[in-house]
Amino acid sequence: MAGKKVSLPKGMRDFGPQQVRKRQYILDTIREVFEIFGYQPIETPVMEQLSTLNGKGGAESDKLLFKVLNSGDFLKKADENALNEKASSKVIAQISEKGLRYDLTVPLARYVVMHQNDITFPFKRYQMQPVWRADRPQKGRYREFWQCDADVLGSESLINEMELIQIFERVFKTFNIPVKVHLSSRKLLAGMMELIGQEDKMIDFTVALDKLDKIGVEKVQDELRARGLNEKAVELIPSIAALSSEKDVMKSSFIAALEKTSNGAEGVREINTIMSRLDFACRSIIIIDPSLARGLDYYTGPIFEVKSELFKGSIGSGGRYDNLTGIFGLPNVSGVGISFGLDRIYDLMQEQNLFPDFSAASTKVLLTYFDEEKLPPLFGIVSMMREANIKAELYPAPVKLKKQFKYANDKGIPYVVLYGDEEADSGEFTIKDMEKGEQFKMDFEKLLEFLKQ
RNA sequence: GUGGUUGUAGCUCAGUUGGUUAGAGCGCCGGAUUGUGGUUCCGGAGGCCGCGGGUUCAAAUCCCGUCUUCCACCCCA
């Protein structure tokens, strides 16, 4: 038995049959909703040029990138000095020119730029594929995980934002997952920067502000000071924190103050427009949350994040980006998109027991194999069952019935049909209901009829 | 990337201050049942104690390294 030691790379996982069924259920549900809203599927390769992946994001996202070595004798082409100095980043540039995608948005931008002449705008596409990040794994953070994205490119209309929120609402309602969609706008943040007069510190402000619900007002203030933000910024934090108990955030004095800035006014208009267009079901799951600060640095307008009280961490997110294709040479294409985190939704549903019963998805009937004489009729029988769209399988060897029954039992097959000497003589099949433990005899016509139900 | 944590049978885990032959439950295989699973009873197989080094008369146990797991950061979806 002593098999060779096999293992998986850090953060990579296998999925067994039951897990795949559940994952496919999530994917199917999301896909169906995307399709209903008029999005069309695309797929892109797992690898992109590093130059594409580095198009956005700086040194930080570079750390998360899985790089792929060049083919051939790649070290020959590397600079000797760089090698001797062990200057990793210099060497990498010379021995690796492609990497695994770490999200689906950058590949989308690349796709749109490359196929701009074939695309009719607005371009509504969805994409459900794995992405990879060289992060240190922990709960809800995997090195290989799936994103389910829907994006609209080439339309500035806020109707798109509205529809994407409707998609969130519909998908999570189908899953019976109670969620809140946190809504804000990057422009609100820009407005705050105007208020404090430190427009250049937006990233630092954002990173610290994002931790508000986690570490509290004072620690955020400490971090702001450490990051070089002024006292005006520090004083903003308590009023932002107070918004969470506000019954109508948009009517708060904080928003009124923001509205006096040019960016802030624009952000307020965006949010009010989106809210005014949403029906009650969608409005009721929205939390206007100006402390919502996370998001990639390419977001420029409305931003969303989906959270559930049943799960730590977000299970969906999205936002508008005005110039994502600009870095690849196609300016003035505004886009907005959302993303579902398949793996986190899976974890949540698994923990909360929200998956439906998939037992009907497996084989419905197992035909036992007694001896070779019965094989020709058995082939015919199993074929006719399959013709009738009954999920049927024939046990592939004439082993002990005990073993064949155990196979059916372990696999959750609800019916076992026996065709041995007795049945061949009488012309009636024996069928056993595995759940009830009862068995009956019936002719083939009745058997088919019975199994079709 | 930083700090911590975990690893013993297929799985979940015991294993005393270092001390003979490393255990349990579940699962697996066989039999009771040569045409019947799931329940019951009886029997059996299965271990480089993550890997490498060190300390010791002696290491699953102590030390170092490494890989892996999970957690908290950093950051991020």
Side-chain angles (χ1 to χ4, degrees), chain A residues 1-13 16 56-65 88 101-106 130-149 203-204 206-208 210-211 214-215 219 223 227 293-299 303-307 311-319 337-345 366 368-371 374 395 398-425 429-439 441:
Chain A
M1 180 99 183
K4 290 207 173 85
K5 272 275 151 78
V6 288
S7 65
L8 241 31
K10 186 202 278 271
M12 304 287 151
R13 300 171 298 162
K56 76 133 244 270
E60 272 306 331
S61 61
D62 191 58
K63 272 201 321 202
L64 300 177
L65 256 181
S88 301
R101 60 164 176 248
Y102 63 89
D103 72 8
L104 299 178
T105 307
V106 169
V131 302
W132 293 266
R133 292 186 193 175
D135 216 355
R136 191 169 291 200
Q138 53 180 284
K139 181 92 173 178
R141 298 178 86 165
Y142 306 102
R143 289 188 140 188
E144 176 180 50
F145 61 101
W146 280 58
Q147 291 191 332
C148 311
D149 281 26
I203 299 281
D204 282 299
T206 301
V207 168
D210 185 42
K211 298 175 186 169
K214 206 169 175 182
I215 63 176
K219 284 190 176 163
E223 186 164 340
R227 285 173 179 268
R294 73 165 53 188
L296 304 164
D297 37 20
Y298 48 65
Y299 288 139
I303 46 181
F304 338 100
E305 181 163 296
V306 185
K307 293 180 182 175
F311 197 77
K312 198 185 110 198
S314 64
I315 51 179
S317 64
I338 56 171
S339 182
F340 290 84
L342 167 64
D343 304 82
R344 287 180 177 185
I345 293 170
L366 176 77
T368 59
Y369 179 0
F370 280 90
D371 54 67
K374 307 292 181 312
Y395 198 90
V399 299
K400 281 188 210 167
L401 271 193
K402 182 185 171 86
K403 190 157 185 177
Q404 303 191 37
F405 270 88
K406 186 169 160 43
Y407 174 82
N409 188 64
D410 290 351
K411 206 168 164 182
I413 299 174
Y415 298 103
V416 173
V417 165
L418 304 175
Y419 185 74
D421 290 332
E422 266 177 45
E423 289 77 9
D425 290 345
F429 293 82
T430 303
I431 178 168
K432 178 159 185 176
D433 180 327
M434 294 296 281
E435 199 188 329
K436 293 184 183 145
E438 299 165 349
Q439 61 187 50
K441 297 210 165 194

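Just so we're clear, the structure is a prediction, and the values are computed from it rather than from any experiment. Here is how names work: the chains are called A, B, and so on, in the same order as the sequence lines, proteins then strands, and each is numbered from 1. Side chains are part of it too, since the values below use all heavy atoms of this structure and drop only hydrogens, waters and symmetry mates.
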Measuring only between side-chain heavy atoms, which start at C-beta, is V131(A) closer than 4.5 Å to F145(A)?
yes
Without decimals, in angstroms, what is the distance between R141(A) CZ and C75(B) C1'?
7 Å
Students often get this wrong, so: under 4.0 angstrom with heavy atoms, is V416(A) touching a base, only sugar-phosphate, or nothing?
nothing
Sticking with atom P, work out how far A58(B) lies from G43(B), rounded to a whole angstrom.
40 Å
Short side-chain to backbone donor-acceptor contact, R143(A) and P137(A), under 3.5 Å
no
Taking atom P in both G31(B) and G38(B), compute the distance separating them and give it to the nearest angstrom.
13 Å
Expected output: side-chain R344(A) to main-chain I315(A) donor-acceptor under 3.5 Å
no
Hey, are T430(A) and E423(A) close enough side-chain-wise for a donor-acceptor pair under 3.5 Å?
yes
Separation of C73(B) atom P from K219(A) atom NZ, nearest Å, is 10 Å
Between C62(B) and U17(B), how many Å separate the two P atoms, rounded to a whole number?
11 Å
Is Q404(A) side chain donor-acceptor paired with the U36(B) base, going by distance under 3.5 Å alone?
no
Strictly distance-based, threshold 3.5 Å: is any side-chain N or O of D343(A) a donor or acceptor partner for the main-chain N or O of W146(A)?
yes
Indicate whether OP1 or OP2 belonging to A72(B) is found under 4.0 Å from a side-chain N or O atom of Q138(A).
yes
Using whole Å, what does the distance between atom P of nucleotide C75(B) and atom CG of D210(A) come to?
10 Å
For the student: nearest non-hydrogen atoms of T368(A) and Q404(A), plus distance
CA-OE1, 3.1 Å
Please give the distance between the C1' atoms of U66(B) and U6(B) as a whole number of Å.
15 Å
Hey, what are the protein-to-nucleotides 6-9 of chain B N/O distances that come in under 3.5 Å?
none

Aromatic ring centroids of Y395(A) and Y369(A) under 6.0 Å?
no
Judged by each residue's nearest nucleotide on RNA chain B, which is more toward the 5′ side, D410(A) or E435(A)?
D410(A)
Looking at A72(B), I'd like to know if its phosphate oxygens (OP1 or OP2) sit under 4.0 Å from a side-chain N or O belonging to K312(A).
yes
What is the distance from atom CG of N409(A) to atom NZ of K402(A), rounded to the nearest 0.5 Å?
11.5 Å
Quick one: is C29(B) close enough that its OP1 or OP2 comes under 4.0 Å of any side-chain N or O from K403(A)?
no
Pairing check on G25(B): which nucleotide meets the Watson-Crick or G-U wobble criteria with it, both distances under 3.5 Å?
C11(B)
If you look at every heavy atom in A408(A) and V416(A), which pair is closest and at what distance?
CB-CG2, 3.6 Å
Taking only the C1' atom of each, what is the distance from A59(B) to G15(B) in whole angstrom?
14 Å
Using a 6.0 Å distance limit plus a 45 degree cone around the ring axis, check whether R13(A) lies over the aromatic ring of Y142(A).
yes
Tell me whether the OP1 or OP2 atom of G37(B) has a side-chain N or O from K400(A) closer than 4.0 Å.
no
What distance, rounded to whole Å, do you find between the two C1' atoms, one in G50(B) and one in U61(B)?
16 Å
Using a heavy-atom cut-off of 4.0 Å across all strands, would you classify S317(A) as base, sugar-phosphate, or nothing?
sugar-phosphate
Could you list all N or O pairs between the protein and nucleotides 66-69 of chain B that sit under 3.5 Å apart?
| unit_1 | atom_1 | unit_2 | atom_2 | d |
| --- | --- | --- | --- | --- |
| U69(B) | OP1 | G11(A) | N | 3.1 |

Tell me: CD1 of I203(A) to P of C75(B), nearest whole Å?
12 Å
Ranking G35(B), C76(B), C75(B) by distance to the side chain of K211(A), first place goes to C75(B)
Using the C1' atom on both, measure U55(B) against U8(B) and round to a whole Å.
22 Å
Earlier contact from the 5' end, RNA chain B, for K432(A) and K406(A):
K406(A)
As its Watson-Crick or G-U partner within any shown strand, both distances under 3.5 Å, C62(B) has G54(B)
Can you find a donor-acceptor pair, distance only, under 3.5 Å between N409(A) side chain and G37(B) base?
yes
Would you tell me if any nitrogen or oxygen in the side chain of R136(A) comes within less than 4.0 Å of OP1 or OP2 on G1(B)?
yes
Rounding to the closest angstrom, what is the interatomic distance between C67(B) and G25(B) at atom P?
37 Å
Of the listed C73(B), G37(B), G35(B), the closest approach to the E423(A) side chain comes from G35(B)
